[in-house]
Engineer: 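Before we start, here is the structure in question, set down as structure tokens.
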Protein chains: 2
Amino acid sequence: MNQQHVQPTSAIPPHNCLLAALPAQDRERLLKHCDLIALNFADVLYCAGDSISHVYFPIESIISLVKPVAGSSGLEVGLVGNEGLLGVTLILEIDRAPFHALIQGAGTALRIAAPPFLKELKQSPALQLLLKQYLYVSINQLAQTAACTRFHVVEKRLARWLLMTQDRAHADTFHITHVFLAYILGVRRVGITKAANSLLKQKLISYRRGIVTIVDRAGLEAAACNCYQADNNIYALILGGVEK
Amino acid sequence: MNQQHVQPTSAIPPHNCLLAALPAQDRERLLKHCDLIALNFADVLYCAGDSISHVYFPIESIISLVKPVAGSSGLEVGLVGNEGLLGVTLILEIDRAPFHALIQGAGTALRIAAPPFLKELKQSPALQLLLKQYLYVSINQLAQTAACTRFHVVEKRLARWLLMTQDRAHADTFHITHVFLAYILGVRRVGITKAANSLLKQKLISYRRGIVTIVDRAGLEAAACNCYQADNNIYALILGGVEK
DNA sequence: ATTTTTTAGTGCGCCAACACACAGAGTTCA
DNA sequence: TGAACTCTGTGTGTTGGCGCACTAAAAAAT
């Protein structure tokens, strides 16, 4: 892990939707214990089974949750950007990460050690509720991914994943290689090459050597399975009050 | 839904592991609000999105949690027997079922309406902890199923499912058809026929017209993917104190 | 006892994804 | 400038599961 502390010099205050949704007082108490850190591509924040040392609120960074599989590579079961947080299961009072957590998109995050987080959690019913809601959404999205992985072809799954990442990257262009995508979606690299090439030919995306650009977002949404919409719907339904 | 009230006449007291793990006082308070009911095969307790009217503690019944998929049939993402309960997400204070819940194995269950359950939940830290632990286990098993569904062939998945069902049925023989299994595992009926036939030829199971018998449990464990063991491990790790 | 319904087994062509291997092109570094 | 490395594209044969259609046999209903 190669995390650096970052001076919070930017004029725009760092933004995480869940933090923003907290009452000002609760948020301030929490922020006092937070560090703004930079997360680098492929950093591993923790592995399944590890103790949860810190909670992360991504700002621009994107975190992949990966379920490891004996013998196989693994399978992404969740994606965390500034709409969420990493470490939500702490609300279940179990100090054990259910999944690998690795950085899929470099950027900053607010980090807080588990002990102060748990202390604030006890004091803040608003934070408790937010975590419960986010956990509920995560469970729904996990099941959605399970079904999607079973029934939908790679091209549609890839389109969905690109949309989810674009939402969290807040940019049309981001860094990703076919190899990494293959790992995430649990398919061969060649499968990604083929699917990506198809999306390219349809002029929905463009890419070269690790840089993907969304060209036609509406088209990509049409090319994706509606699991993408389903995920958004459940988030809006449960966490609708949270500003995006 | 065709549920009948059942006289709790049996000499052996009905047994649900989670209820049994509660302190006697908390359990008694809860049981006062419980009805012992009979659940019939294919009963639908609720659909995804429904309000959670009741919580169910299976005794001999087995409940399937199914994530519906637009266009496709659905995919089982959880199995609840007397080692668990249905309605665990109520602890997240969200009155919305994340999955379909349908009876996969007929039998009795203790049922309690949501309002008294929530009231008892507030009063019983032991019940709160148990639900948190069970929810954590369920999340892990959900991810396990997601990965299993992606990477393992039907025959191994079928073997795993038969073992899970045998555990919950507490019997070597139970009622199940190929059509139902196909729905549950998200494959064609013919795929089940083929896989079941293979297990039959290996003398691990026997079956005829809706009745399956486990013949060689050790052999079946060897034929299953280790997702079966992984599920058991996480349950034992988190809920190890709970008697089986 | 005959018909109808339910459940299981078989055959055929098809396709998405697999495994493995290698080629070409851009990037980095010496 | 050339070598080493990284990333993407292509080719060949294989396979697990799909869709569809039909047969066979057991159970239930009339």
Side-chain angles (χ1 to χ4, degrees), chain A residues 41-42 69 71-76 104 146-162 173-202 204-213 223-225, chain B residues 40-42 69 71-76 104 146-162 173-202 205-213 223-225:
Chain A
F41 180 76
V69 184
S72 307
S73 40
L75 181 70
E76 186 182 83
Q104 177 256 298
C148 181
T149 302
R150 172 67 194 81
F151 292 111
H152 300 148
V153 296
V154 173
E155 184 172 328
K156 282 179 181 295
R157 290 173 59 206
L158 176 60
R160 174 191 175 208
W161 190 92
L162 291 170
T173 293
F174 41 86
H175 174 275
I176 200 75
T177 65
H178 290 191
V179 171
F180 190 82
L181 276 167
Y183 173 69
I184 287 298
L185 296 185
V187 297
R188 291 173 314 153
R189 195 223 63 198
V190 176
I192 299 293
T193 300
K194 229 178 113 188
N197 214 266
S198 171
L199 296 177
L200 183 70
K201 275 178 191 152
Q202 295 169 64
L204 305 179
I205 64 171
S206 72
Y207 60 93
R208 67 180 254 290
R209 288 189 70 76
I211 297 165
V212 176
T213 302
C225 47
Chain B
N40 299 312
F41 181 74
V69 184
S72 307
S73 39
L75 181 69
E76 185 182 84
Q104 177 256 297
C148 181
T149 301
R150 171 69 193 80
F151 292 111
H152 300 148
V153 296
V154 173
E155 184 171 329
K156 283 180 181 294
R157 291 172 59 206
L158 176 60
R160 175 190 173 209
W161 190 92
L162 292 171
T173 293
F174 40 88
H175 174 274
I176 201 75
T177 66
H178 290 193
V179 171
F180 189 82
L181 276 167
Y183 172 69
I184 286 299
L185 296 185
V187 298
R188 290 176 314 155
R189 195 222 62 198
V190 175
I192 299 293
T193 299
K194 230 177 111 189
N197 214 266
S198 171
L199 295 178
L200 183 71
K201 276 179 191 151
Q202 296 169 64
I205 64 172
S206 71
Y207 60 92
R208 68 181 253 288
R209 289 189 68 76
I211 297 164
V212 176
T213 302
C225 46

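Because only heavy atoms are used, hydrogens play no part in the values below, and waters and symmetry mates are left out as well, while side chains stay in. Naming: A, B, ... by sequence-line order, numbering from 1 per chain. Keep in mind that what you see is a predicted model, and the values were worked out from it rather than measured.
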Engineer: Under 4.0 Å between any heavy atoms, over every strand shown, what does B:Val154 touch: base, sugar-phosphate, or nothing? Just pick one.
Structural biologist: sugar-phosphate
Engineer: Would you tabulate the side-chain donor-acceptor contacts of residues 184-195 of chain A under 3.5 Å, counting partners in other chains and residues two or more places apart, or write 'none'?
Structural biologist:
from: A:Thr193; atom 1: OG1; to: A:His178; atom 2: ND1; distance (Å): 3.1
from: A:Thr193; atom 1: OG1; to: A:Arg189; atom 2: O; distance (Å): 3.3

Engineer: Holding to salt bridge (charged side-chain N to carboxylate O under 4.0 Å, His left out), I want the full list of residues that pass it with A:Arg160, two or more places apart in sequence or in another chain.
Structural biologist: A:Asp231
Engineer: Do A:Leu162 and A:Leu204 touch side chain to side chain, with heavy atoms closer than 4.5 Å?
Structural biologist: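 A side-chain contact is absent here, since even the closest heavy-atom pair is not under 4.5 Å.
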Engineer: Start with the C-alpha gap between A:Tyr207 and A:Asn197, add the side-chain angles, then the distance that decides, and say whether side-chain contact (heavy atoms from CB on, under 4.5 Å) holds.
Structural biologist: CA-CA 9 Å; A:Tyr207 60 93; A:Asn197 214 266; 3.6 Å; yes
Engineer: Polar-atom pairs under 3.5 Å, protein N or O versus N or O of nucleotides 27-30 of chain C: list them with distances, or write none.
Structural biologist:
from: C:dT27; atom 1: OP1; to: A:Arg208; atom 2: NH2; distance (Å): 2.3

Engineer: Send over the distance from B:Leu185 CG to D:dG17 P, rounded to a whole Å.
Structural biologist: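 About 11 Å, once rounded to whole Å.
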Engineer: By nearest heavy atom, map B:Gly186 and A:Arg189 onto DNA chain D; which one lands nearer the 5' end?
Structural biologist: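 Taking each residue's closest nucleotide, the earlier one in sequence belongs to A:Arg189.
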Engineer: Give one of base, sugar-phosphate or nothing for A:Gly210, where a contact means two heavy atoms less than 4.0 Å apart.
Structural biologist: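 Counting heavy atoms under 4.0 Å across all strands, the contact made by A:Gly210 is with sugar-phosphate only.
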Engineer: Hey, what bend do you get for the helix from C:dA1-D:dT30 to C:dA30-D:dT1 if you fit axes on five pairs at each end, rounded to 10°?
Structural biologist: 30°
Engineer: In whole Å, what is the span from the OH atom of B:Tyr207 to the C1' atom of C:dT7?
Structural biologist: 11 Å
Engineer: Distance check needed: C:dA17 P versus A:Ile192 CD1, whole Å only.
Structural biologist: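 Distance, rounded to whole Å: 10 Å.
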Engineer: Tell me: NZ of A:Lys156 to P of C:dA17, nearest whole Å?
Structural biologist: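 Answer to the nearest Å: 12 Å.
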Engineer: Which nucleotide, C:dC18, D:dC20, C:dA8, lies nearest any side-chain atom of B:Thr193?
Structural biologist: C:dA8
Engineer: In whole Å, what is the span from the NZ atom of A:Lys201 to the P atom of D:dT8?
Structural biologist: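 My rounded result for the distance is 16 Å.
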Engineer: Check the pair A:Trp161, A:Ile176 against side-chain contact (heavy atoms from CB on, under 4.5 Å), reporting the backbone distance first and the verdict last.
Structural biologist: CA-CA 12 Å; A:Trp161 190 92; A:Ile176 200 75; 3.8 Å; yes
Engineer: Rounded at 0.5 Å granularity, tell me how far CD1 in A:Ile205 sits from OG1 in A:Thr173.
Structural biologist: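 Going from CD1 on A:Ile205 over to OG1 on A:Thr173, the span is 11.0 Å.
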Engineer: What is the separation between atom CZ on B:Arg188 and atom C1' on C:dT7, rounded to the nearest whole Å?
Structural biologist: 17 Å
Engineer: In whole angstrom, give the distance that lies between atom CZ of A:Phe151 and atom C1' of D:dG17.
Structural biologist: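 Value for this atom pair: 12 Å.
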Engineer: With A:Tyr183, which residues qualify under ring-ring contact (aromatic ring centres under 6.0 Å, His included), at least two apart?
Structural biologist: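 A:Tyr183: no ring-ring contact (aromatic ring centres under 6.0 Å, His included) contacts found.
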Engineer: Strictly below 4.0 Å, heavy-atom distances to any atom of DNA chain D: list the hits from residues 173-183 of chain B, or just say none.
Structural biologist: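 Those residues: none at all.
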Engineer: Please state how far atom NZ in B:Lys194 lies from atom P in C:dT10, giving the value in whole angstrom units.
Structural biologist: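 Those two atoms, NZ and P, are 11 Å apart.
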